[in-house]
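In what follows, chains carry the letters A, B, and so on, assigned in the order in which the sequence lines appear, proteins first and then strands, with residues in each chain numbered from 1. It should be emphasised that the depicted structure is a prediction, and the values quoted were computed from it without experimental measurement.
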4 protein chains.
Amino acid sequence: MSVSSSGAEPVKWQRRKENRPEEIILAALDLFVEKGYAATRMLDVARQAGVSKGTLYLYFENKEAIFRAAVEQLIVPRISQLEALQQSHQGSYEALIKKMIMGWWQSVWHSRLSVVPKLLISESGNFPELAQYFTEHVVKRVRYIFVQAIEQGIKEKEFIEQDAVTTARLLMAPIIQAAVWKYSFKVFDDEQNPDEYIRQHLHIFLNGIQRKKH
Amino acid sequence: MSVSSSGAEPVKWQRRKENRPEEIILAALDLFVEKGYAATRMLDVARQAGVSKGTLYLYFENKEAIFRAAVEQLIVPRISQLEALQQSHQGSYEALIKKMIMGWWQSVWHSRLSVVPKLLISESGNFPELAQYFTEHVVKRVRYIFVQAIEQGIKEKEFIEQDAVTTARLLMAPIIQAAVWKYSFKVFDDEQNPDEYIRQHLHIFLNGIQRKKH
Amino acid sequence: MSVSSSGAEPVKWQRRKENRPEEIILAALDLFVEKGYAATRMLDVARQAGVSKGTLYLYFENKEAIFRAAVEQLIVPRISQLEALQQSHQGSYEALIKKMIMGWWQSVWHSRLSVVPKLLISESGNFPELAQYFTEHVVKRVRYIFVQAIEQGIKEKEFIEQDAVTTARLLMAPIIQAAVWKYSFKVFDDEQNPDEYIRQHLHIFLNGIQRKKH
Amino acid sequence: MSVSSSGAEPVKWQRRKENRPEEIILAALDLFVEKGYAATRMLDVARQAGVSKGTLYLYFENKEAIFRAAVEQLIVPRISQLEALQQSHQGSYEALIKKMIMGWWQSVWHSRLSVVPKLLISESGNFPELAQYFTEHVVKRVRYIFVQAIEQGIKEKEFIEQDAVTTARLLMAPIIQAAVWKYSFKVFDDEQNPDEYIRQHLHIFLNGIQRKKH
DNA sequence: CATGAATGAGATTTCATTCAT
DNA sequence: AATGAATGAAATCTCATTCAT
């Protein structure tokens, strides 16, 4: 199912030192999202990763270390993409926000990364340091990028006067919400086209904050 | 419910006994939200409710039953309020939506009810039937109320043409998001005024869907 | 086998809060001595004590706590007996030493207490704090009692001039040795009469340190 | 043993290979004494011996085999020294005993051999065959040498009438005790001069068993 | 009814041993 | 011959649930 391109011999004793940590992280992420951290047994993680229980402990000190690694390694690298996008932008701030949201959406929604919000929301109570780390290094950093775009749009008379931080929260809320929903109630809720959802969000939102041209 | 069948004389010191199930539910809710379902020990619930471990089992079959009861008893009654509001409304649909959102917000945000979204998101993987129940009987039902208001606003040329279901999702997303955030990252995230947050959401959102008057 | 005088109904659910800790300690002692600390499984301790695994953890934080309790509660009380004996003595120092050794021997050898030396010797490497505690509060304290008797005997010209501490060590060595042997090699070594062994030790030792009367 | 069958040219850099088993035994001994058998991990043994875990299994079947080898190879050869000493002796039995004890003491105390008593005492419960082997082939054999010396001394009227086996036990007890102590409580107990300890033991003991000359 | 001591299934974690490299 | 990554049995410990009091 997973290993490589050469087909189908289920080898039992495999040495894959290089790839193990990432394989374990991805396996754990799948399960943490599905069952929550506490309900995920190390045996499950091992099976999902195609290794034995003991192997997990060769690469991670304990269950919590896997959790931390999953969050940190997956998310943080993505943010710089966003920052780069902002700095190289030319044109209206409406166009910048559209571009950033759509880019973020593409890279997050369709990747395994989209599970992280749900995971952190679920486990924030049990891992306060991790929740704090996430708040400081991800939430606020991403929000700041949008805050800047909004503030500059206000200064340039493109957007109406408003509190930029609250507006940035409102810009992000439906996206985070969608990611959380995907892993919580999607199977029971009616199908919807996520791309259309975002498109419409941007439409209403940008329409809502723009200074009306008379 | 059982002791004195001649419901006339409400003896004070019996109240406690009568309220036991609710006290247990509230205690459990607090803990489920704080630590998650799996990490909450029955001993903790007992202590928080001021009873012994054994007593829990006099009122509930097991841990899961407490969880189900908590969700069902807290949420469902509130929805009919919303439905009543809609049916009695007179005036613009913008005003109706404002009224409903603010009413919902008041009754949810400032009550213990606000923990339910976070709780269900966290535990949906472990309690699929409950997640389904919640999706069908709460999410969709509430959404339907807003869908109707939006659709009628479109028909009356008050709002622009758009997919009402998606729009309803976008209307609700920041509110649910706020409730989830409150119990996940609020302590680490910067303070914000929740009432101002909702006010601004309504402002941008309604501004964004209104048909521009020229 | 153990519970009480009323005969033979092996009850399954027994509440014995008062006696449990001591029962567990004694059970653990038996096994620690037989197999060593590390090789003794908590399940074994539970079975030996006639309780379940979980019950152990109601009374002791972990395996090490049982070990510590066993050592501390059994040994320390006995020492004061010895000190009392010394202070009330009248007569020759030879007689005092005889009396103390025989008394100590009686109370230690024929009781479960005799296992402690072997146990501490075996586990000293893994429980250095416990070994230190034992050295300070038991070994040195007991030795000091004998050192005093010997020094006074020297002063009174009853015994020959010699280093009293070394002599006290030599007085105690065969006794400790016997206790250790009992739990290590006794089953394989030839039977011997322990009372005769001590009697002869005292005979040779006291004969060896006495000032020769001409 | 295997490589160069023409045993003439002892190549230096092959030595290491040839000595592997002994190096492993010595490494294991150090650790067994410090931590006990069960608490000693094969990884520790490997590291201490400067080899990898897998290599241990090239030379020994399993952990127990290392333990057995350690005991057997270290102890047994020393006994014949003692027997030779006895057979070649001329002079008083007091002098013979002094010579044997001092010789034994020298070769045991100041060598790694001194750890064996503590080790066997600690692990006798887990390795009964080994304990039996030790009792039969070491303890009794050594004791027999001393028993003979004592019995002959009695016959020659050098020593007083007494049970020679018990006396031999008492002669050996302080020495074994000292070796055990060295690896159990020495670091916490006060310093003492071991040579002085033995000298004084011989003094008291021999003084105690000698027939008084009038 | 209420209690909390007692239970035991099941979780995490360790480490002797195996075997691909 | 040597390595050390990988294995999995078995240990400690937790906690939902039961039941004597």
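Atom CD of C:Glu64 has more than 12 heavy atoms from other residues, nucleotides or ligands within 6.0 Å.
Shortest non-hydrogen contact noted between D:Ile25 and D:Ala70 is CG2-CA, 3.6 Å. In terms of heavy-atom proximity, A:Asn62 sits nearest to A:Tyr57 at CA-CE2, 4.0 Å.
In this structure, OH of C:Tyr57 is placed 18 Å from C1' of F:dA16, rounded to the nearest angstrom. Following rounding to the nearest Å, A:Leu43 (CG) and F:dG8 (P) show an atom-to-atom distance of 11 Å. In this structure, B:Asp44 places its CG atom 15 Å from C1' of E:dG4, rounding to the nearest Å.
One N or O donor and one acceptor, one from the side chain of D:Lys53 and one from the base of E:dT17, sit under 3.5 Å apart.
The residue among B:Gly50 and A:Glu64 whose nearest nucleotide of DNA chain E is located toward the 5' end is B:Gly50. Comparing B:Asn62 and A:Arg20 against DNA chain F, the residue whose closest nucleotide sits nearer the 5' end is A:Arg20. Residue B:Gly54 is the one, among C:Ser52 and B:Gly54, whose nearest nucleotide of DNA chain E lies closer to the 5' end (criterion: closest heavy atom). Toward the 5' end of DNA chain F, the nearer of the two residues B:Glu61 and C:Lys63, judged by each one's closest nucleotide, is C:Lys63.
When ring centroids are compared, B:Phe127 and B:Tyr37 come within the 6.0 Å threshold.
Across every strand in view, F:dT21 sits in a pair with E:dA2 that passes the Watson-Crick or G-U test at under 3.5 angstrom.
Of the candidate nucleotides F:dT12, E:dC15, F:dA2, E:dC15 has the atom lying nearest to any side-chain atom of D:Arg41. Among the nucleotides E:dA5, E:dA2, E:dT13, the one closest to any side-chain atom of C:Leu58 is E:dA5.
Phosphate proximity of F:dA2 to D:Tyr59: present, with a side-chain N or O under 4.0 Å from OP1 or OP2.
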